[in-house]
Amino acid sequence: MLNEEAVSLPATVRRERMLQMITEREFMRVADLSEEFGISDVTVRGDLDALDHSQSVRRVRGGAMARTQVVRAEPSFEESMTASAVEKQRIGERAAALVSPGMSVIIDVGTTTTAIARALAARTDLQQVSVITNGLNIALELEPAMPGVTVLVTGGTLRRLQHSLVDPMASQLLERMHVDLAFIGCNGIDVAHGVTNINLPEAEVKRRMIASAVRTVVVAAGTKIGQAHLIRVADLADVQTVITGSSAMAGAVAELRRAGADVIQVE
């Protein structure tokens, strides 16, 4: 990697690349990462400490090693879109019904949140609705709903195969936002670990989205209920509503409800 590129990378993107390297090689020394990214040992140690804190890697003397948990390759957006397509459509329709004229709404990147955008675009009653999104495809899905829906894209660094925009610009914009409702996607949600995600850059943006919203609604296909992944996005207490589908295990849904979560399960 060219030093000029490494220096200009946002920290979250650099750490994601470090995580990929450590996962692939099982162990990386501080000195090797410093040379690879063209940054100081001090900066590398700070990155590794952050990854260790999020339980993405295990810090050891002189470097970091992969956690014993296997990190699955993240599927492309198009691959994810085909999974549980009907269920995601119904979740999207139920979530879109929460939006009223005059509201300000954040729509996170993802396949289930894309279903929300499609359901919103199909409505003819929406006026003076503002939507902020970090998903390029979501912005395009909402284009037919204009001018009743105003679409604001966060900007930022484009993630390969995901159509999502992450730091540095995404968080800078979201810090200045105060919205009525945020629809957040995830890779897993359970009582012990809260809302979790696979990749670090998107997790950071999701945290900003939640902090900017009066009400947070997590939308997740049933297969994600009761699951936990590497990066914690939020505690369960930070989420007001969870909308999921019929494929969710009854026991996992019941556990979320016992913990105080408002879970809506669509048929």
Task: Residue pair Ser246 / Glu267, side-chain donor-acceptor N/O under 3.5 Å - done: no
Open item on the list: Working note: Leu236 + Val195, criterion side-chain contact (heavy atoms from CB on, under 4.5 Å); need CA distance, chi angles, decisive distance, verdict.
Closed with: CA-CA 7 Å; Leu236 193 60; Val195 182; 5.6 Å; no
- [ ] Taking Arg94 for its side chain and Ile243 for its backbone only, find out whether a donor-acceptor pair lies under 3.5 Å.
- [x] no
Task: Thr114 (side chain) donor-acceptor with Gly110 (main chain) under 3.5 angstrom - done: yes
Open item on the list: With a 4.5 Å cut-off on side-chain heavy-atom distances among I, L, V, M, F, W and Y, is there a chain of contacts connecting Ile138 to Ile132?
Closed with: no
Open item on the list: Connecting only ILVMFWY residues whose side-chain heavy atoms lie within less than 4.5 Å of each other, what is the rest of Phe27's hydrophobic cluster?
Closed with: Val60, Met65
Open item on the list: Are more than 12 heavy atoms, taken from residues, nucleotides or ligands other than Met169, located less than 6.0 Å from that residue's CE atom?
Closed with: no
Open item on the list: As a quick check of understanding, evaluate salt bridge (charged side-chain N to carboxylate O under 4.0 Å, His left out) for Glu16 and Arg159, giving each step before the final call.
Closed with: CA-CA 11 Å; Glu16 182 185 32; Arg159 293 196 67 240; 2.7 Å; yes
- [ ] Say whether, by atom type as modelled, one donor and one acceptor occur between the side chain of Asn134 and the main chain of Asp108 under 3.5 angstrom.
- [x] no
Open item on the list: If I compare all heavy atoms of Cys186 with all of Val218, which pair ends up nearest, and what's the gap?
Closed with: SG-CG1, 3.9 Å
Open item on the list: Is the shortest side-chain heavy-atom distance between Leu200 and Leu19 below 4.5 Å?
Closed with: no
Open item on the list: Could you tell me if the side chain of Asp190 sits less than 4.5 Å from the side chain of Gln227, heavy atoms only?
Closed with: no
- [ ] Give a yes or no on whether Phe183 and Ile189 share a hydrophobic cluster (residues Ile, Leu, Val, Met, Phe, Trp, Tyr; joining criterion: side-chain heavy atoms under 4.5 Å apart).
- [x] no
- [ ] Please answer whether the main-chain N or O of Pro168 pairs with a side-chain N or O of Ser171 as donor and acceptor at a distance below 3.5 Å.
- [x] no
- [ ] Indicate yes or no for a side-chain donor-acceptor contact from Ser104 to the backbone of Ser130 under 3.5 Å, with no hydrogens or angles considered.
- [x] no
Task: Exercise: identify the closest heavy-atom pair between Ala213 and Leu181 - done: CB-C, 4.3 Å
TODO: From the options Lys206, Arg208, Arg207, select the one residue that forms a side-chain hydrogen bond (donor to acceptor under 3.5 Å, both in side chains) with Glu204.
DONE: Arg207
Open item on the list: I want to check something: taking the side chain as every heavy atom from C-beta on, are Met28 and Val57 in contact at a cut-off of under 4.5 Å?
Closed with: no
- [ ] Supply the atom-to-atom distance Ile22 CD1 to Arg29 CZ, rounded to the nearest 0.5 angstrom.
- [x] 13.0 Å
Open item on the list: I want to check something: taking the side chain as every heavy atom from C-beta on, are Val219 and Val242 in contact at a cut-off of under 4.5 Å?
Closed with: no
- [ ] Would you confirm whether Arg123, through its side chain, and Ala96, through its main-chain N or O, come within 3.5 Å as a donor-acceptor pair?
- [x] yes
Open item on the list: Quick check: closest heavy atoms across Arg232 and Gly194, and the distance to 0.1 Å?
Closed with: NH1-N, 4.2 Å
TODO: Using a 4.5 Å cut-off on heavy atoms from C-beta on, say whether the side chain of Thr157 contacts that of Asp167.
DONE: no
Task: Pair Thr196-Asn187, side-chain donor/acceptor within less than 3.5 Å - done: no
- [ ] Could you give me the CA-CA distance, side-chain angles and deciding distance for Arg215 and Asp180, then say whether salt bridge (charged side-chain N to carboxylate O under 4.0 Å, His left out) is met?
- [x] CA-CA 6 Å; Arg215 180 184 181 186; Asp180 299 308; over 6 Å; no
TODO: Any chance you could measure Ile116, atom CD1, to Glu141, atom CD, to the nearest 0.5 Å?
DONE: 12.0 Å
Task: Salt-bridge criterion met for Arg14 and Asp47 (N-O under 4.0 Å) - done: yes
Open item on the list: Would you say that more than 12 heavy atoms from the other residues, nucleotides or ligands in this model lie under 6.0 Å from the CD of Glu143, or not?
Closed with: no
Open item on the list: Please find the pair of heavy atoms, one from Val129 and one from Gly102, that lie closest to each other, and give the distance.
Closed with: CG2-N, 3.9 Å
- [ ] Calculate, to the nearest 0.5 Å, the distance between atoms CG and NE2 belonging to Asn137 and His163 respectively.
- [x] 5.5 Å
Open item on the list: Whether Asp49 and Arg59 form a salt bridge (side-chain N of Lys/Arg under 4.0 Å from carboxylate O of Asp/Glu) is what I want to check.
Closed with: yes
Open item on the list: Hydrophobic cluster membership, with links at side-chain heavy-atom distances under 4.5 Å among I/L/V/M/F/W/Y: are Leu142 and Ile91 in one?
Closed with: yes
- [ ] State, with a plain yes or no, whether a side-chain heavy atom of Val179 is found less than 4.5 Å away from one of Val105.
- [x] no
TODO: Apply side-chain contact (heavy atoms from CB on, under 4.5 Å) to the pair Leu173 and Met177, showing each step before the final yes or no.
DONE: CA-CA 7 Å; Leu173 174 68; Met177 291 292 166; 3.4 Å; yes
- [ ] Mark yes or no for whether Thr133, through its side chain, and Ala139, through its backbone, hold a donor-acceptor pair below 3.5 Å.
- [x] no
Open item on the list: Evaluate Val131 against Leu152 for side-chain contact (heavy atoms from CB on, under 4.5 Å), listing each step before the verdict.
Closed with: CA-CA 6 Å; Val131 174; Leu152 177 62; over 6 Å; no
Open item on the list: On a heavy-atom basis, which atom in Ser56 and which in Ile231 lie closest, and how many Å separate them?
Closed with: OG-CD1, 2.9 Å
Open item on the list: Around atom CZ of Arg90, are there more than 12 heavy atoms from other residues, nucleotides or ligands closer than 6.0 Å?
Closed with: no
Open item on the list: Under a 3.5 Å cutoff, is there a donor and acceptor pairing between the side chains of Thr111 and Lys88?
Closed with: yes
- [ ] Measure the CG-OG1 distance between Leu48 and Thr43 for me, rounded to the nearest 0.5 Å.
- [x] 11.0 Å
Open item on the list: Would you say Met103 ends up clustered with Val217 if hydrophobic residues are merged whenever their side chains have heavy atoms under 4.5 Å apart, either directly or through other cluster members?
Closed with: yes
TODO: Mind listing the closest non-hydrogen atom pair of Gly245 and Gln265 along with its distance?
DONE: O-NE2, 3.0 Å
- [ ] Using atom types as modelled and distance alone, determine if a side-chain donor or acceptor of Asn199 lies under 3.5 Å from a backbone N or O of Glu202.
- [x] yes
Open item on the list: Can a donor-acceptor pair be found, under 3.5 Å and without considering hydrogens, that links the side chain of Arg257 to the backbone of Ala252?
Closed with: no
Task: Steps toward side-chain contact (heavy atoms from CB on, under 4.5 Å) verdict (Asp262, Gln240) - done: CA-CA 7 Å; Asp262 173 27; Gln240 282 68 54; over 6 Å; no
Open item on the list: To the nearest 0.5 Å, what is the distance between CD1 on Ile184 and OG1 on Thr112?
Closed with: 12.5 Å
- [ ] Return yes if some donor-acceptor pair links the side-chain N/O of Arg176 with the main-chain N/O of Gln172 below 3.5 Å, else return no.
- [x] yes
Task: Pairwise side-chain contact, Leu120 with Leu126, heavy-atom cut-off 4.5 Å (strictly under) - done: yes
Task: Linked, directly or transitively: Leu158 and Val166 (ILVMFWY side chains, under 4.5 Å) - done: no
TODO: Would you mind reporting whether Thr244 and Val263 have side-chain heavy atoms less than 4.5 Å apart?
DONE: yes
